[in-house]
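We name chains A, B, ... by the order of the sequence lines, and we start the count at 1 in each one. When reading the values below, keep in mind they use all heavy atoms of this one structure, side chains included, and skip hydrogens, waters and symmetry mates.
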Amino acid sequence: MSFHHQEIEKKWQNYWEEKKTFKTDTYSEKEKFYALDMFPYPSGAGLHVGHPLSYTATDILSRMKRMQGYEVLHPMGWDSFGLPAEQYAIDTGNSPKDFTLSNIATFKRQMKEIGFSYDWDREISTMDPKYYKWTQWIFKKLYEKGLAYVDEVAVNWCPALNTVLANEEVIDGKSERGGHPVYRKPMRQWVLKITAYADRLLEDLEELDWPENLKDMQRNWIGKSEGAEVRFSIDGHDKHFDVFTTRPDTLFGATYAVFAPEHPYVKEIVTEAQKSAVEDYLHKVETKSDLERTDLAKDKTGVFTGAYAINPVNNEKMPIWIADYVLMSYGTGAIMAVPGHDERDYEFATKFELPIVEVVSGGDLSAEAYVGDGEHVNSEFLNGLHNEEAISKMIDWLEKNNVGKKQITYRLRDWLFSRQRYWGEPIPIIHWEDGTMTTVPDEELPLELPEMEEIKPSGTGESPLANSDWVNVIDPKTGMKGRRETNTMPQWAGSCWYFLRYIDPDNPDQLADPEALKKWLPVDIYIGGAEHAVLHLLYARFWHKFLYDIDVVPTKEPFMKLFNQGMILGEGNEKMSKSKGNVVNPDDIISSHGADTLRLYEMFMGPLEASVAWSTNGLDGARRFLDRVWRLFISEEGALSGKIIEEENKAMDKVYNETVKKVTEDFETLQFNTAISQMMVFVNEGNKQEKLPKDYMEGFVKLLSPVAPHLAEELWEKLGHEDTITYEPWPAYDETKLVEDEIEIAVQIMGKVRAKIHAAKDATKEDLEEQALANEKIKEQIEGKTVRKVIVVPGKLVNIVAN
RNA sequence: GCCGGUGUGGCGGAAUUGGCAGACGCGUGGGACUCAAAAUCCCAUGUCCUUUGCGGGACGUGUCGGUUCGACCCCGACCACCGGUACCA
């Protein structure tokens with residue numbers, strides 16, 4: 001007989017809900033454990049089988065920690081602002097709010113049906129004004145501290161759609177919807193000064209228990225590089241420009257300079273003779289999208305301005321060129337070109353027949369640029385030095401002569417924070433008719449989104465909010481007219497701090513009680529997809545550091561330990577997608593196999609970080625295991641099995657204690673697949689036994705309960721308990737039961753196993769050697785050979801070197 | 001191109017970090033139970049060679065080489081796939 005999952009699961013889900021089993025006591029005396037999931041965007045498609053992968057992992061940890069005596073915070077919420085709802089509203093005329101609310105209801109029902117142990121009293125939603133009040137409050141603080149500013153930034157403007165598009169909505173320079181052309185257009189935008197935190201974001205990565213590859217991605221994104229800024233004067237002009245270089249040691253090899261096409265000096269320095277050539281080139285570059293520009297990059301292009309810079313180190317004249325391989329957005333938008341020792345400059349110089357000078361020996365400049373280390377030549381006071389010394393000597397020289405200095409540059413740019421959208425947090429700013437700008441006073445927060453009859457693009461590039469009366473304000477004191485900011489915040493905003501609000505979700509007076517934050521931060525384990533490795537995690541760290549600086553949060557970093565789960569692929573090893581028709585719906589699995597099976601299977605598929613294809617056979621196997629567990633405990637008649645008795649059975653000692661040890665350790669380190677396989681080993685052994693000690697069987701149910709909580713609760717009840725298993729103490733193991741008195745020792749000859757001998761667990765080296773050499777098989781094998789050496793690893797093996 | 005990761009049976013994956021490769025699950029084959037089937041239980045299952053049989057042997061962790069008594073594990077070179085990034089001066 002097998003168990004009725006539909007009945008059992010409903011029963012315990014109702015029990016948990018009624019008794020509020022998973023309610024967290026914010027101010028508990030117990031030690032805390034904060035297990036966080038990346039909250040989902042509630043799409044119309046409902047939960048995907050990928051969601052329960054990480055959610056089950058954190059749920060298992062949460063359930064184990066509760067049993068280990070921790071106060072566990074394990075919350076869930078909704079990243080509920082977002083593009084699809086707005087697009088849906090534009091397409092159908094329906095409200096994005098109602099649409100999102102109904103999606104949330106579906107997600108929540110599905111999560112409850114999987115049996116996640118969330119404290120639903122802490123549910124939050126980024127679109128809830130009670131929540132975004134504090135998102136707006138944080139923005140105001142950033143603004144007050146000078147970290148939010150307005151700038152002209154080029155955006156993707158699509159005239160045919162009358163709107164601004166996000167990068168992911170632009171494909172090959174055309175709009176994703178309709179395939180209309182998209183242009184770069186500068187618009188007034190809000191920007192957050194994340195670059196002010198670049199160094200701290202980089203340095204503090206060191207202390208985090210995150211996967212190394214993910215830290216690397218953040219390091220690369222921040223892209224710190226050390227070098228020097230060098231000042232060049234322009235021949236015949238009372239002007240100078242700075243360049244950034246990581247190789248100031250090669251300054252003697254700089255034979256020309258290059259400006260980005262957008263560099264402000266270009267129009268001023270260009271000579272009459274070169275004017276039309278330069279204008280042609282600028283025009284050519286302007287009409288190209290970013291994508292075409294990178295395509296173009298395979299072949300370098302550029303044009304001479306006619307002007308010359310003076311190399312400060314040797315007063316040589318260097319022609320100034322314009323080329324789009326120099327980016328206005330990095331460094332100073334101008335470079336000194338050292339074709340002998342930079343691949344890009346080499347390629348450019350070769351194409352336009354500019355001089356190439358060797359200043360570091362070791363390469364063959366007739367073939368390629370040499371970027372390696374070597375003795376400097378043709379460099380006066382640097383001659384004979386290697387790169388490192390030459391760099392610092394040159395920086396000294398630059399500083400002494402007042403033409404440059406040591407400089408650090410980052411790849412990281414400030415964060416474009418405004419979206420021309422309706423469905424997002426309004427930015428709490430008012431622009432007054434006298435040209436001033438103020439923030440919305442705290443007592444007027446939250447500044448709520450107006451209900452709108454119809455959401456459609458304004459046509460001016462502003463958000464649909466510009467169509468509403470909501471934008472117009474009059475100062476009640478002065479009568480001055482003003483206009484509200486029509487830009488809204490990006491989806492990232494709400495997710496930058498949601499884990500703080502879970503700690504104190506209903507607080508009307510502050511973001512969260514500082515005492516509570518002190519208890520619960522940092523998050524102990526945060527699991528989510530690798531797609532958020534850079535942006536979400538970097539933005540959240542930035543806000544957290546800012547909140548730390550203004551004394552709102554007590555820790556420098558939000559997430560101590562982070563883990564990226566893998567992806568679940570379709571049965572054909574392809575990404576699941578509607579168009580391929582290989583999407584597995586969790587609802588179907590819950591109904592056919594049960595939530596416990598779904599949880600068990602997803603955890604058993606492979607390591608949490610791996611991407612593995614869904615397998616219906618594997619799913620059946622998971623269910624089969626749970627059935628075997630059931631039959632081990634429950635007789636045909638539905639009563640507790642007669643084999644389970646209050647008596648010892650020495651034959652179970654080892655496997656039980658091993659199982660407790662391995663499951664406990666593996667859960668802790670997120671190796672759920674091997675923990676489950678150990679539980680299978682226990683059940684296989686149990687099936688061979690006539691007597692099953694009740695202690696052990698209860699311990700096993702506890703070990704299983706985080707993975708298959710419904711089944712475990714049911715078995716726990718059948719074992720004669722009235723209360724939930726949730727807070728029963730986690731089993732302990734007895735180290736002494738793990739070792740057997742007599743163990744098997746492998747005997748190798750030249751590293752190959754030839755025989756096995758039995759020996760006492762603490763047999764000495766000499767004993768083992770003697771026993772091994774006395775073995776019949778071994779005697780045969782070494783017959784006629786000389787034993788050169790015998791290596792003995794006590795408790796493991798004996799290796800005989802003989803030839 | 002650069003950075004990071006991975007590579008083990010028919011499949012998903014184990015292997016205490018240098019010590020018996022293939023745990024556990026799936027699949028497959030055989031058997032038991034059954035009138036029969038499903039379910040369940042038991043046995044076998046890396047490849048090749050050898051033996052009537054018991055058994056025995058060789059090879060084997062992407063490829064080639066190295067270190068070591070001993071290598072999936074360490075070192076060097078290469079190949080393939082996955083992720084990130086894109087002229088970052």
*Can you label the angle between the A/Phe700 ring and the A/Phe633 ring as parallel, tilted or perpendicular, going by 30° and 60°?*
parallel
*Phosphate oxygens OP1/OP2 of B/G25: is one of them under 4.0 Å from a side-chain N or O of A/Asn684?*
yes
_For atom CH2 of A/Trp221 and atom P of B/G4, their distance in whole Å_ = 18 Å
*Taking the C1' atom of each, how far is B/G29 from B/G10, in whole Å?*
13 Å
*To the nearest Å, how far apart are A/Tyr256 OH and B/A89 P?*
16 Å
*asked:* Using a 4.0 Å heavy-atom cut-off, does A/Val753 contact any base of the nucleic acid, only the sugar-phosphate backbone, or nothing at all?
replied: sugar-phosphate
*Given B/A89, B/C88, B/G27, which nucleotide is nearest the side-chain atoms of A/Arg413?*
B/C88
*Identify whether the glycosidic angle of B/G9 places it syn (within 90° of 0) or anti.*
syn
_Partner lookup for B/U67, please. Criteria are Watson-Crick or G-U wobble with both distances under 3.5 angstrom; report none if nothing qualifies._
none
*Atom-to-atom span, CZ of A/Arg411 to C1' of B/U85 - whole angstrom*: 7 Å
_For a quick check of understanding: with a heavy-atom distance under 4.0 Å over all strands, which category does A/Gln678 fall into, base, sugar-phosphate or nothing?_
nothing
_Taking the C1' atom in each of B/G19 and B/U68, what is the distance between them to the nearest angstrom?_
12 Å
_Minimal non-hydrogen separation, A/Leu600 against A/Ala622, with atom names_ = CD2-O, 3.3 Å
*Looking only at side-chain N and O atoms, does A/Arg631 come under 4.0 Å of OP1 or OP2 in B/C41?*
yes
*Is any side-chain N or O of A/Arg624 closer than 4.0 Å to OP1 or OP2 of B/C26?*
yes
*For B/U67, measure the glycosidic angle (O4'-C1'-N9-C4 for a purine, O4'-C1'-N1-C2 for a pyrimidine) and name it syn if it falls within 90° of 0, otherwise anti.*
anti
*When you get a sec, tell me which of B/A23, B/A14, B/C87 is the closest nucleotide to the side chain of A/Pro607?*
B/A14
*Considering only the C1' atoms, how many Å lie between B/A77 and B/U16, rounded to the nearest integer?*
32 Å
*Specify the residue among A/Phe244 and A/Met605 whose closest nucleotide of RNA chain B lies further upstream toward the 5′ end.*
A/Met605
*Without swapping roles, check the side chain of A/Arg541 against the backbone of A/Leu201 for a donor-acceptor pair under 3.5 Å.*
yes
*Measure from the side-chain heavy atoms of A/Ile791 and tell me the nearest of B/G12, B/A15, B/G19.*
B/G19
*Protein-nucleotide distance (A/Lys215, atom NZ; B/G5, atom P), rounded to Å*: 13 Å
_Short N-O contact, A/Asp620 and A/Arg624, less than 4.0 angstrom_ = no
*asked:* What is the separation between atom OH on A/Tyr410 and atom P on B/U85, rounded to the nearest whole Å?
replied: 21 Å
*Quickly work out the A/Tyr346 OH to B/G1 C1' distance and round it to whole Å.*
18 Å
_Interatomic distance, A/Glu262 CD vs B/C87 C1' [rounded to whole Å]_ = 14 Å
_Between B/C20 and B/A44 - P atom distance, rounded Å_ = 22 Å
*Relative to each other, are the rings of A/Trp321 and A/Phe352 parallel, tilted or perpendicular (30° and 60° limits)?*
tilted
_Checking A/Asn617 against A/Ser615: is there a side-chain donor and acceptor pair closer than 3.5 Å?_
no
*Does B/G22 have a Watson-Crick or wobble partner in any strand here, with both distances under 3.5 angstrom, and which is it?*
none
*Please measure how far the P atom in B/G12 lies from the corresponding atom in B/C82, and state the result in whole Å.*
16 Å
*Find the distance A/Asp216:CG to B/C82:P and express it as a whole number of Å.*
21 Å
_By the 4.0 Å heavy-atom rule, please label A/Ser225 as base, sugar-phosphate, or nothing._
sugar-phosphate
*Assign the ring pair A/His5 / A/Phe3 to parallel, tilted or perpendicular, where the plane angle (0 to 90°) is split at 30° and 60°.*
perpendicular
*Side chain of A/Asn617 - closest among B/C26, B/A89, B/G19*: B/C26
*Quick one: is A/Arg628 getting a side-chain N or O under 4.0 Å of the B/G25 phosphate, OP1 or OP2?*
yes
*With rounding to whole Å, what would you report as the distance between B/C72 and B/U6 at their C1' atoms?*
13 Å
*asked:* Under a 3.5 Å threshold, yes or no: a donor from one side chain and an acceptor from the other, between A/Thr301 and A/Tyr281?
replied: yes
_Ring centroids only, cut at 6.0 angstrom: are A/Phe667 and A/Phe672 within range, meaning strictly under it?_
yes
_Any N or O donor-acceptor pair under 3.5 Å from the base of B/C69 to the side chain of A/Asn799?_
yes
*Which nucleotide, in any strand shown, forms a Watson-Crick or G-U wobble pair with B/C59, with both distances under 3.5 Å?*
B/G46
*Which nucleotide, B/C87, B/C24, B/C88, lies nearest any side-chain atom of A/Asp324?*
B/C87
*asked:* Regarding A/Gly621, tell me which of base, sugar-phosphate or nothing describes its non-hydrogen contacts under 4.0 Å with the strands shown.
replied: sugar-phosphate
_5' precedence on RNA chain B between A/Thr245 and A/Ser615 (nearest-nucleotide basis)_ = A/Ser615
*Watson-Crick or G-U wobble partner of B/A32, both distances under 3.5 Å*: B/U40
*For A/Thr246, which contact category applies under a 4.0 Å heavy-atom criterion: base, sugar-phosphate, or nothing?*
sugar-phosphate
*Take atom C1' in B/A71 and the same atom in B/C64, then report the distance between them in whole Å.*
16 Å
*How far does the C1' atom of B/G9 sit from the matching atom of B/G62, given to the nearest Å?*
15 Å
*Both distances under 3.5 Å, Watson-Crick or G-U wobble: report the partner of B/G83, or none.*
B/C3
*Is A/Asn673 near enough to B/C24 that one of its side-chain N or O atoms lies under 4.0 angstrom from OP1 or OP2?*
no
